[in-house]
Amino acid sequence: MENFWPACLSKFQKELSAQQFNTWIKPLHTEVNGDAVRIFAPNRFVMQWVKDRFLKKIEQFAEEHKPNIQIELVLGDVTTKTNADEPVKKVAKVIVENKQTMNEIKSESIKQNLSEVLAKTKKTTVTAHKNVDTSNLNPTFNFNNYVTGRANQLARAAAIQVAENPGSAYNPLFIYGGVGLGKTHLLQAIGNELRLHNPDAKIRYLHAERYVSDVVKAYEHKAFDEFKRQYHSLDLLLIDDIQFFAKKTRTQEEFFYAFNSLIEAKKQIVITCDTYPKEIADVDERLRTRFSWGLTVAVEPPELEMRVAILLKKAEAVNLNLPEDVAFFIAKQIRSSVRELEGALNRIIAMSKFTGHAIDVHLAKDALRDLIAVRGRQVTMENIQKTVADYYKIKVAEMYSKKRTRNFARPRQIAMALSRELTNHSFPEIGEAFGGRHHTTVMHACDEIDLLRQNDATIARDIGFLVQVIRD
Amino acid sequence: MNSTDLHYKSPTKQLLLDIQPLPPPSLENFIEGQNAEALYSLKQALTHAEEARFIYLWGAQGSGKSHLLHACERMAKQSNLPLFIADDTHTLDEDAQIALFDQFNQLRASGGILISSGIAAPTQMQLRDDLATRLAWGLVYQLHPLTDEEKAQALRTHATERGMKLPDEVVEYCLRYLRRDLPTLMAVLDALDVWSLTEKKPVTVPMLKKLLQHNLEA
């Protein structure tokens, strides 16, 4: 019974990526009692995640290991355990490492922290490659849930061709288009489709940035043989955002060899990029030429109907009945990328959940404000004075002058009241900025304008307009 | 007047030991104002694995971004959550943006939470498109600054936490005569507290005036 958990761990280590394994499985701790195994999760978050994604597998494995094992997943702390033998210490150490890895970046120290983070991530992946499935495929991306329209039908057709005839249809397949248009989805779908037909195929999906760091890592560890063995033995290489190779000469050279070796062996390569091969900046000519050897297809931004279809599909995936007029409303507001479209829907769902209100156009409007709002200018008193003076066609100097005729005094009062409303300045500070007036003068102006706004529609409208101009 | 200028310095009195540590930022002591949904989503993200794992907060200086980020960071440390924080994303240079982009991809693929902030909506900051759209993919919240009434409430809560009695007229005075950004108001409150402990006198408007006068002369 004692060897159940170590066996389970090594099984997961083989099946999951290093980061997944270190984040979710390693922090778990077990206690064996006869035929019952109690698994402790360090916090609710990990517990929920493990329950949703891994518990079935654990139970299944337990059944294979020895029938009738009772598995229980509970919340508990590793440090409260008494039998702190070697494996436990190791687990604790991994948690600490993991905590550091995931911890934080702050702008001032971001580079330093990130290089540490990356160094650690690299370290874990080095050991991981020996026995772990490194395909990085996410099974949720497939061709069935990829919404097709005029903008991407060619790319999708080519992708299916490649998945069904790897190495022979189009090699390489080069997919290009702007950000957030579903290139990664297509790339992953190719991998998942091929895996369905051929479970033993050696597939790897990776972002170009990861490839760059793999090269750096191989360079540091003088492990180019291992590096080559890994990449040159693949059946399908899916590489995302190749524009990240720009100016990385060493990476480009390595990729050149990998590319040649794979193409020669009739192994499939699929590449995505934000532009077509000839236009990629700072990438070697010989690579750019090779990128266009196979088929180059574009993914265009989706048209309105397609954006609506994407939203409806996405809603369906989370069991949400999205009214069509709301879908149209969102799709009209957000035009450029599918990712932002999904973000908008996420926010609308969250707002509806929070307020308990049904999803309608009104709610959607509120929710989208935070997403598409253009940042207002920094509001300053100078800015207010100038805008108000322009609006009433008087000189800015009249804001500080001692003149008390109505056509100067009223705009001045409005500017004072707006300064109070739109900035954090105090009454004395505002008085100072308006020609050294006493703070009670400012307070009086604010009261007066307040009253006028309630009783005089013209003034209220003028002020409403001024607020808008000043803020934008 | 700058919030950092507001430190009570008395040449004749012995300096107080800092026996009144500031209560650390938490989600509980955040005055939510109009930001209730943002606060709710943060709590959900940190306690329920199935909820949104990517949250981006934006707003003007003083709207509470740092408070919330620090609060989340503390919570995550206490319960060992896989949380990644990226503050002030609008200040990231090209390399840092790529690093964050890479981190996002990894978190999305293998689990974990990302809470980030900036001064504007993700796509309004001239960030790389690929990063901006990723930040926009999660839940995006604009943090709205507090109204004067909410600021008064914040001052009262802060005072209670420090065990300090704060009369209404002092709060009123602060909002009327001082800059009304929260850091300034809080700094004044803290200086008042130190003064009141040193002088062994209750907090009053005349005392506040004296403190401000003292500070101006210093």
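Each chain gets a letter, A, B and so on, in the order its sequence line appears, and its residues count up from 1.
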#### Entry: N/O donor-acceptor pair under 3.5 Å between A:Asn346 side chain and B:Trp137 backbone
yes
### Task
Using atom types as modelled and distance alone, determine if a side-chain donor or acceptor of A:Arg347 lies under 3.5 Å from a backbone N or O of B:Val140.
yes
### Message
Looking only at heavy atoms and a cut-off of under 4.5 Å, which of B:Pro122, B:Ser116, B:Gly59, B:Ala36 has the most pairs with chain A?
### Response
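Highest number of heavy-atom pairs under 4.5 Å: B:Ala36.
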### Query
Among B:His90, B:Arg134, B:Arg128, which has the most heavy-atom pairs under 4.5 Å with chain A?
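Between B:His90, B:Arg134, B:Arg128, the count favours B:Arg134.
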### Task
Would you please test B:Phe101 and A:Asp241 for side chain to side chain contact (heavy atoms under 4.5 Å, CB included) and show each step?
CA-CA 12 Å; B:Phe101 167 85; A:Asp241 283 333; 3.6 Å; yes
### Query
Are more than 12 heavy atoms from other residues, nucleotides or ligands located less than 6.0 Å from atom NZ of A:Lys51?
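Counting other residues, nucleotides and ligands, NZ of A:Lys51 stays at 12 neighbours or fewer.
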### Task
Verify the neighbour count for atom CZ of B:Arg74: are there more than 12 heavy atoms of other residues, nucleotides or ligands below 6.0 Å?
yes
### Query
What residue in A:Gly178, A:Pro428, A:Gly180, A:Ala344 has the most heavy-atom pairs under 4.5 Å with chain B?
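The candidate making the most pairs under 4.5 Å is A:Pro428.
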### Task
Identify which of A:Thr423, A:Asp370, A:Leu341, A:Ile430 forms the greatest number of heavy-atom pairs closer than 4.5 Å to chain B.
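Highest number of heavy-atom pairs under 4.5 Å: A:Asp370.
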### Task
Let me know if A:Tyr205 has heavy atoms under 4.5 Å from chain B in its side chain, its backbone, both or neither.
neither
### Query
Given that the side chain runs from C-beta out, which part of B:Thr123 has a heavy atom under 4.5 Å from chain A: side chain, backbone, both or neither?
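The side chain, not the backbone.
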### Query
According to the interplanar angle, ranging from 0 to 90°, do the rings of A:Phe354 and B:Tyr40 count as parallel (below 30°), tilted (30 to 60°) or perpendicular (above 60°)?
tilted
### Neighbourhood of chain A inside residues 164-173 of chain B, taking heavy atoms under 4.5 Å as contact
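The list, in residue order, is empty: none.
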### Proximal to chain A - members of residues 141-151 of chain B, heavy-atom separation under 4.5 Å
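Answer by number: B:Tyr141, B:Gln142, B:His144, B:Asp148, B:Lys151.
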Side-chain contact test, heavy atoms from C-beta onward, threshold under 4.5 Å: evaluate it for [X] versus [Y] and give yes or no.
X	Y	result
B:Trp58	A:Leu371	no
A:Glu209	B:Gln106	no
A:Met443	B:Arg176	yes

Nearest 0.5 Å please: distance from the [atom1] atom of [X] over to the [atom2] atom of [Y].
X	Y	atom1	atom2	answer
B:Thr184	A:Asn424	OG1	CG	8.0 Å
B:Thr133	A:Ile334	OG1	CD1	11.5 Å
B:Asp130	A:Phe244	CG	CZ	4.5 Å
A:His207	B:Asp102	NE2	CG	7.5 Å

### Task
State plainly whether the residues A:Glu429 and B:Arg180 are in salt-bridge range, i.e. N to O under 4.0 Å.
no
### Query
Any idea which heavy atoms bring A:Trp24 and B:Gly112 closest together, and the distance?
CZ2-N, 3.5 Å
